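Everything on this sheet refers to the single structure shown next.
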Amino acid sequence: MQIRLYNTLGRELQELKPVKEGKVGLYCCGPTVYNFAHIGNLRTYIFEDILRRALEYAGLKVNHIMNITDVGHLTGDADDGEDKMEKSARETGKTPEDIAAFYTEAFFNDTQRLNILKPSTSCAATDHIGNMIGLIKRLEKNGFTYVSGGNVYFDTSKFPSYGELALLDRQQLRDGARIEVDTNKKNPRDFVLWFTNSKFENHLMQWDSPWGSGYPGWHIECSAMSMKYLGETFDIHCGGIDHIPVHHTNEIAQSEAATGKKWVNYWVHGEFLLMDKQKMAKSSGNFITLQTLVDSGYDPLDYRYFCLGGHYRSQLVFNYESLDASRNARLNLNDRVIALKSAAEPAEVNSISESAAKYLTDFDGHLANDLNAPRALSEMWQLLKDSSISEQDKLTAVLQMDRVLGLRLDELEAALPELTEEEASLVQQREDARKSKDWQKADEARDKLLSMGIIIKDTPQGPRWTKRV
RNA sequence: GGCGCCGUACCCAAGUGGUAAGGGAGAGGUCUGCAAAACCUUGAUGCAGCGGUUCGAAUCCGCUCGGCGCCUCCA
């Protein structure tokens, strides 16, 4: 299975050729842990999870690194900005460390519920200050930095290919269009590598450095940590599409200026989730969290399924009508898989019939073609509806597909949910009443069960039930 | 103003020049004491509009209309 991905660097589909055969170094920009993630954020992590699973499915060994930003990510450009962690700490009266610990846990709780695999390593910025200082020293030695107003800046004019990823040379940017530019900069595109306390005397998190006590800029953490865990040149760097013009552009500049080598071979970016035709954002107040969905009675996997329905490089419009469609589709899917499980045992993947294997081949092809998850999902439905395929082959192939889709089909149990003694007795009473054609009594039992959260369905094999969520 | 995109059925959505995947909703039917479930059948001669290239266009080109993102922290 040869995977092709759309590389933002170059803007074209490219075959993935790992630096080291059979292995892939994957770096994904992680959360800034100052608040809960919203479902738009989570869409990106779902896409990255599909990518990782697809790589592993294709037989590659993936070293998946994700950072946790717990310092240095400002709310604005340089001087007028505020550290997001400290802002949250100040507003809640807690320490930045407490804030970070709390939202880191909340984040992993969300990803776990979405069946997103944990990174091989997730690393906190504050645990890698030394690596960042080391990298800034290399940049300084190579002549890419200057100190102004007490901060260490990266001098973008010294890096000729600056902005290649975002095609910045083709743009006529409006500097300071909506926010004042830091006057310490030689060039508006320059960015801070290290802040000293000259500007932020009260900053709670400070570390010693050759340039004075202070804290790192946001961008430097990704360069320092990715290099530590993946080496100075690695395969894939992911993130949201919004990171292309600034964050990822700056990461490339500082990384390659330090090492003199090509840093990342493939840049893969996820598009936005739209809410009411606009991007979901905390600032516009139109964001919802995973917990909001759970509180409304949805399973987190309903949202995962929803995301699978759109291509990662297309904007996806969120609304409850289509989330309902995803929920219904998933419940239908689960029912089918449960029925298959009660009828057959999964077999070895390479033992299934040719016609069943064809579905898997097509499925693989869709994944390999720039992660076309919607098409892959479609393939699964076509397989399920193909009456010429045996139940065992269907089950085997579907479970194989779910290794990438991650809908927890393997965990579904064929057995009916357990009933309490009272509930079981009511089911029996209803059956007895039905046999004697006492429909009124039978319906009373059904209503009572319904009020207890048990939904009865009559099948040719007798009554079946599900518990209402 | 520049840059990057998008506009496909009631909703979401795939579609990489060769004759419109899939899901949901809806409709009809089988079954059923009823209900639910299940199963079967069913949907765009059409892809914002208008031109053009082509044997052939949702796919390529141009224009028009409408929408989104970025240029500011942002997934």
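Source: prediction; values computed, not measured. So you know, we letter chains A, B, ... as the sequences are listed, proteins then strands, and number each from 1.
Remark: B:G69 base-pairs with B:C3. Criterion, Watson-Crick or G-U wobble with two distances under 3.5 Å. Nucleotide B:C50 has B:G62 as its partner under the Watson-Crick or G-U criteria, with both atom distances under 3.5 Å. Taking a pair to require two hydrogen-bonding distances under 3.5 Å in either a Watson-Crick or a G-U wobble arrangement, B:U30 pairs with B:A38. Searching all strands for a Watson-Crick or G-U wobble partner of B:G17 with both distances below 3.5 Å returns nothing.
No contact: A:Arg330 has no heavy atom under 4.0 Å from any strand. Among the atoms of the strands shown, only primed sugar atoms or phosphate atoms (P, OP1, OP2) are found under 4.0 Å from some heavy atom of A:His243. Base contact: A:Ile456 has a heavy atom under 4.0 Å from a base atom. Counting any heavy atom pair closer than 4.0 Å across all strands shown, A:Arg434 reaches a base atom. In this structure, A:Ser378 reaches the bases: a heavy-atom distance under 4.0 Å links it to at least one base atom across the strands shown. Within the nucleic acid shown, A:Pro245 comes within 4.0 Å of sugar-phosphate atoms alone, with no base atom in reach, counting heavy atoms only. The residue A:Arg4 sits close to a base: some heavy atom pair falls under 4.0 Å. Contact annotation for A:Arg43: no contact, since no heavy-atom pair falls under 4.0 Å across all strands. Among the heavy atoms of the strands lying under 4.0 Å from A:Leu273 is at least one base atom, whether or not backbone atoms are also near. At the heavy-atom level, A:Gly40 lies under 4.0 Å from base atoms of the strands shown.
In the model, A:Asp364 has no side-chain atom that pairs as donor or acceptor with a side-chain atom of A:Thr361 under 3.5 Å.
Map A:His311 and A:Glu321 each onto its nearest nucleotide of RNA chain B; the residue landing nearer the 5' end is A:Glu321. Place A:Cys29 and A:Leu13 on RNA chain B by their nearest nucleotides, and A:Leu13 ends up nearer the 5' end.
The aromatic ring of A:Trp381 does not stack onto the base of B:G22, failing the criterion of a centre distance under 5.5 Å from the six-membered base ring together with planes under 30° apart.
Side-chain N/O atoms of A:Arg11 and base N/O atoms of B:C5 include no donor-acceptor pair closer than 3.5 Å.
Between A:Phe318 and A:His38, the distance separating the two ring centers is not shorter than 6.0 angstrom. In this structure, A:Trp263 has its ring center under 6.0 Å from that of A:Phe234.
Stacking of A:Arg189 on the aromatic ring of A:Tyr162 is not recorded, the 6.0 Å distance cut-off and the 45° axial limit not both being met.
Closest of all the heavy-atom pairs between A:Lys385 and A:Arg336 is CE-NH2, 3.5 Å.
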